[in-house]
Amino acid sequence: MKPMLYFCFVIVLIRSASGFFEDLDARETSLSYLENDAAATSEPLMVPLTLIQGADSKGAVCLDGTLPGYHIHRGSGSGANSWLIHLEGGGWCNTIRNCVYRKTTRRGSAKFMEKQLPFTGILSNKAEENPDFFNWNRVKLRYCDGASFSGDSQNEGAQLYFRGQRIWLTAMQDLMAKGMQNADQALLSGCSAGGLASILHCDEFRDLFPKTTKVKCLSDAGMFLDAVDVSGGHTLRNMFAGVVSLQEVQKNLPITCTSQLDPTSCFFPQNLVANIKTPMFLLNAAYDAWQVQASLAPPTADPHGYWSDCKSDHAHCNSSQIQFFQDFRNQMLNAVEVFSKSNENGLFINSCFAHCQSERQDTWYADDSPRIGDKGIAKSVGDWYFDRAALKAIDCPYPCDKTCRNLVFKIWKSVHSLKYSRGRRIKHHRLPMLSLAKSKF
């Protein structure tokens with residue numbers, strides 16, 4: 001693997017008048033810049049946006065009614081008939097107000113989507129960066145519905161279209177017509193809200209292909225837990241309840257779950273993964289950075305800011321706060337216990353304060369990428385997909401792992417920033433407020 005240059009990107013997140021971010025997905029959006037916009041090499045492959053023509057005739061539109069789209073780079077050689085579909089992440093919207101706001105962003109309208117994106121990590125076209133999937137047909141499906149590609153309703157008064165399920169179906173139909181129907185192997189992956197979507201749609205994806213096609217699914221940072229926050233409340237459950245109700249997600253949730261649990265519970269992966277029939281790999285940080293920020297210790301659950309320093313940088317946590325995170329890790333391990341018993345499933349749960357590790361080159365495949373034992377993430381996923389080895393890797397508890405690329409948030413008055421750098425390898429800055437910085441311990 002050749003030496004790599006790393007970029008420092010900056011995002012500014014302003015508090016709303018209420019003191020909390022406009023949406024709970026604000027931090028998710030900031031983290032998504034790390035996933036999507038941080039190019040790992042000096043010359044990343046830039047892939048243009050393709051809008052799905054005619055999608056509107058099927059009601060498959062973004063929140064504002066614009067066409068959905070994807071970025072596709074064709075495979076070659078041995079990968080010409082292999083397909084990787086990667087579902088973009090970027091939080092959710094759970095109220096009319098924040099869905100109206102969202103449709104003025106790239107997460108709700110094609111008008112604001114980047115016209116091209118860098119393909120790095122699992123999407124890279126370079127063998128030295130992505131040894132198992134570099135020459136596959138690789139597709140990134142843009143996320144513009146706010147419900148993990150699962151809603152199906154609308155609000156005429158606010159001119160909002162909740163059509164995630166239709167976007168998913170229409171995109172798959174379009175890609176099948178463009179050659180995916182001839183795939184001899186396929187992988188559905190996704191990051192964060194897209195990781196949740198890969199869980200929700202995994203068996204549907206399998207059903208697109210004949211039994212002779214090798215089909216598996218990967219969820220990166222998609223294990224959102226129905227956890228109790230630091231005040232004893234259920235911040236994420238309350239948000240998910242709004243998403244499910246507003247966007248009528250319940251009609252598209254697995255009946256194996258909804259026949260036993262309420263719809264909101266069935267939007268949580270912990271109640272879904274054990275019943276997925278298609279082989280699946282769960283890649284997750286045990287101390288998921290987004291969940292720490294927005295689910296476990298959001299400002300609404302911590303009005304006096306007792307958790308502010310700790311959640312921004314785990315090095316500032318006291319022993320009781322670390323124990324709270326250890327309990328969260330234990331809940332995650334319990335949530336995947338039944339799932340992990342299947343010989344066809346795979347796990348890589350590292351004890352890092354991170355979020356999304358498959359799209360960034362430095363976490364996916366580099367000389368100093370995160371590891372469990374002697375195996376990194378790309379090698380682990382590849383070994384599992386190609387049946388080269390069984391993979392059930394669960395890290396020892398924090399702070400034993402010294403290979404992590406932990407996320408550190410900086411707070412300056414009313415502005416929050418996320419820092420994740422690679423020291424001397426930083427290439428440049430875009431804005432002065434939010435940088436990506438290295439924290440290994």
Side-chain angles (χ1 to χ4, degrees), residues 23-25 28 55 58-65 68 87-103 107-108 141-172 188 190-205 207 217 219 221-227 234-276 290-291 294-295 335:
D23 307 323
L24 277 180
D25 67 283
E28 172 78 354
K58 302 175 182 178
V61 293
C62 297
L63 285 172
D64 70 337
L87 305 179
E88 185 179 37
W92 308 269
C93 63
N94 64 326
T95 67
I96 293 295
R97 176 183 173 181
N98 59 38
C99 288
V100 167
Y101 169 77
R102 189 181 178 96
K103 72 177 182 176
R107 298 296 188 221
L141 180 58
R142 298 306 296 266
Y143 177 40
C144 64
D145 65 276
S148 290
F149 298 94
S150 295
D152 191 9
S153 64
Q154 68 183 69
N155 185 290
E156 295 182 4
Q159 294 184 314
L160 286 168
Y161 301 90
F162 305 123
R163 301 291 176 75
Q165 181 71 20
R166 298 191 199 191
I167 292 173
W168 157 259
L169 292 172
T170 301
M172 293 305 103
L188 176 66
C191 168
S192 196
L196 170 56
S198 71
I199 292 171
L200 290 166
H201 292 296
C202 184
D203 285 339
E204 293 176 47
F205 188 66
D207 290 342
C217 304
S219 173
M223 276 300 293
F224 296 96
L225 299 183
D226 188 5
H234 292 82
T235 296
L236 190 56
R237 166 167 277 273
N238 293 338
M239 184 191 185
F240 275 9
V243 175
V244 170
S245 175
L246 179 65
Q247 302 213 28
E248 296 186 17
V249 172
Q250 66 274 8
K251 65 181 72 172
N252 296 312
L253 294 171
I255 193 170
T256 53
C257 182
T258 56
S259 62
Q260 302 178 58
L261 299 173
D262 64 275
T264 299
S265 294
C266 294
F267 201 58
F268 280 99
Q270 66 199 70
N271 300 316
L272 301 172
V273 292
N275 292 319
I276 294 174
W290 186 88
Q291 294 187 70
S295 172

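Computed over heavy atoms, backbone and side chain alike; hydrogens, waters and symmetry mates excluded.
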Using a 4.5 Å cut-off on heavy atoms from C-beta on, say whether the side chain of [Y] contacts that of [X].
X	Y	answer
Ile199	Cys217	no
Glu248	Phe162	no
Leu160	Gln154	no

To the closest 0.5 Å, what do you measure between [atom1] ([X]) and [atom2] ([Y])?
X	Y	atom1	atom2	value
Ser259	Leu253	OG	CG	11.5 Å
Asp145	Arg163	CG	CZ	11.5 Å
Leu225	Gln270	CG	CD	5.5 Å
Leu272	Ser219	CG	OG	10.5 Å
Arg107	Cys93	CZ	SG	12.5 Å
Asp203	Asn275	CG	CG	9.5 Å

Between [X] and [Y], which heavy-atom pair has the shortest distance, and what is it?
X	Y	result
Cys266	Thr258	SG-N, 3.4 Å
Thr235	Ala294	CG2-O, 3.6 Å
Ile167	Val61	CD1-O, 3.3 Å
Leu87	Ala197	CD1-CB, 3.6 Å
Pro68	Ala55	CD-CB, 3.8 Å
Ala227	His234	O-CD2, 4.0 Å

Main chain of [Y], side chain of [X]: is a donor-acceptor contact present, judged purely on distance under 3.5 Å?
X	Y	result
Asn252	Ser150	yes
Ser153	Leu246	yes
Asn271	Ser265	yes
Lys103	Gln159	yes
Lys251	Asp152	yes

Test log, rule side chain to side chain contact (heavy atoms under 4.5 Å, CB included), inputs Phe268 and Arg237: CA-CA 9 Å; Phe268 280 99; Arg237 166 167 277 273; 4.1 Å; yes
Within 45° cone of Tyr143 ring axis and under 6.0 Å: Arg102 NZ or CZ: yes
Phe240, Phe224, Phe267 screened by side chain to side chain contact (heavy atoms under 4.5 Å, CB included) with Ser148, the one that passes: Phe267
Chi angles and distances behind the side chain to side chain contact (heavy atoms under 4.5 Å, CB included) call for His201, Met172: CA-CA 11 Å; His201 292 296; Met172 293 305 103; over 6 Å; no
Polar contact flag, side-chain donor to acceptor under 3.5 angstrom, Glu204-Trp168: yes
